[in-house]
Each structure stands twice: as C-alpha cells, then as structure tokens.
Amino acid sequence: MIRGSCLCGKVKFEISGAPYSLSYCHCSRCRKAAGVFSAVLIGKADDLKVTQGLEGVAKYRAGPDAKFDRCFCPDCGTSLGDLSSGEIYVIAASALDDEPGIKPSLHIHTTSKPDWYDIVDDLKKFDGDYIAEK
Ligand SMILES: [Zn+2]
Ligand SMILES: [Zn+2]
C-alpha cells in the first residue's frame, strides 16, 4: 500500500498495486501548479482509493484540451493530480507519504520546459504525453 496526503492532512489516499510509471512532466500547467515540473505517478484507476476528504477536493481544468483535472486541497493548496479520471490515476508524487517502489523513468512535455531549467539526467525525453505501459 502506498499512502499519500495533502499538506494539512484533510485529504488522504491509498494506492494498492504497482504503479505503471513515474515521470517528470514539464508542461506549463504542471510548472505553474507544482513548481519547475511535476513528478507524476500513473497507474490503474481501480488501485486508487481516496480514504478521506474527497468531497472537499477542489478541481481545476485548464481548458478543453486538458486531458486531466488538476485536483488540489483548497485549504493548503497541495497539488494532488487527477483523483477521478477514467482508466488511470494520475497522482502528484509530491503528495506521497510512502515510497512508490519505482523511480522516475522519463521526462514528458519537454518542449514546454523553460530555458532556465536544464534537464541534467539521462532519462528518456518525450515531447508530448507518454502512454503508460501496462
Ligand atoms: Zn490540505
Ligand atoms: Zn504536466
């Protein structure tokens, strides 16, 4: 079980089963919401259970082309990822309390990265989305 929560503790979630991937997203939306980039944990939607505070979670959708909602705690502002999308969950790894058992394997949306930030590791880079390997 991989547990996660927001900074103030109002929202808590649990992930059962192994995540598909952990990646760094450099899109402009992640940059604005999460910092330089967002560490994104992806897995099977059925494996994610919000155990506390789901009713109080705020959601933001950047526009019609945005594939995922951006959920966050309105009390403390913690980015949570998308807690309620279709077949996969897309969780902000920064909200995890436990180790997910995998390391980041790639960078996505790298063309949206600002010039002031240089990727200094040798992980794979994708210009767009990465389709999770099952
Ligand atoms: Zn909170
Ligand atoms: Zn992103």
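We're numbering straight along the sequence, starting at 1. Worth knowing before you read on, the calculation uses all heavy atoms, side chains too, and leaves out hydrogens, waters and symmetry mates. Remember, it's 1-based here, ligands and their atoms both numbered in the order they're listed.
- At a threshold of 4.5 Å between non-hydrogen side-chain atoms, the residues Leu48 and Ile91 count as touching.
- Our summary of the site lists the angle at the Zn ion (ligand 1) between SG of Cys6 and SG of Cys8 as 110°, to the nearest 10 degrees.
- Between His107 and the choices Lys125, Lys124, His26, the side chain to side chain donor-acceptor pair (under 3.5 Å) rule is met once, by His26.
- Of the angles at the Zn ion (ligand 1), the one spanning SG of Cys73 and SG of Cys76 is 110° when given to 10°.
- For Phe13 and Tyr89, the gap between ring centers reaches or exceeds 6.0 Å.
- Within the 3.5 Å criterion, the main-chain N or O of Ala33 finds a donor-acceptor partner in the side chain of Ser79.
- Centred on the Zn ion (ligand 2), the SG atom of Cys30 and the SG atom of Cys27 lie at an angle of 110°, reported to 10°.
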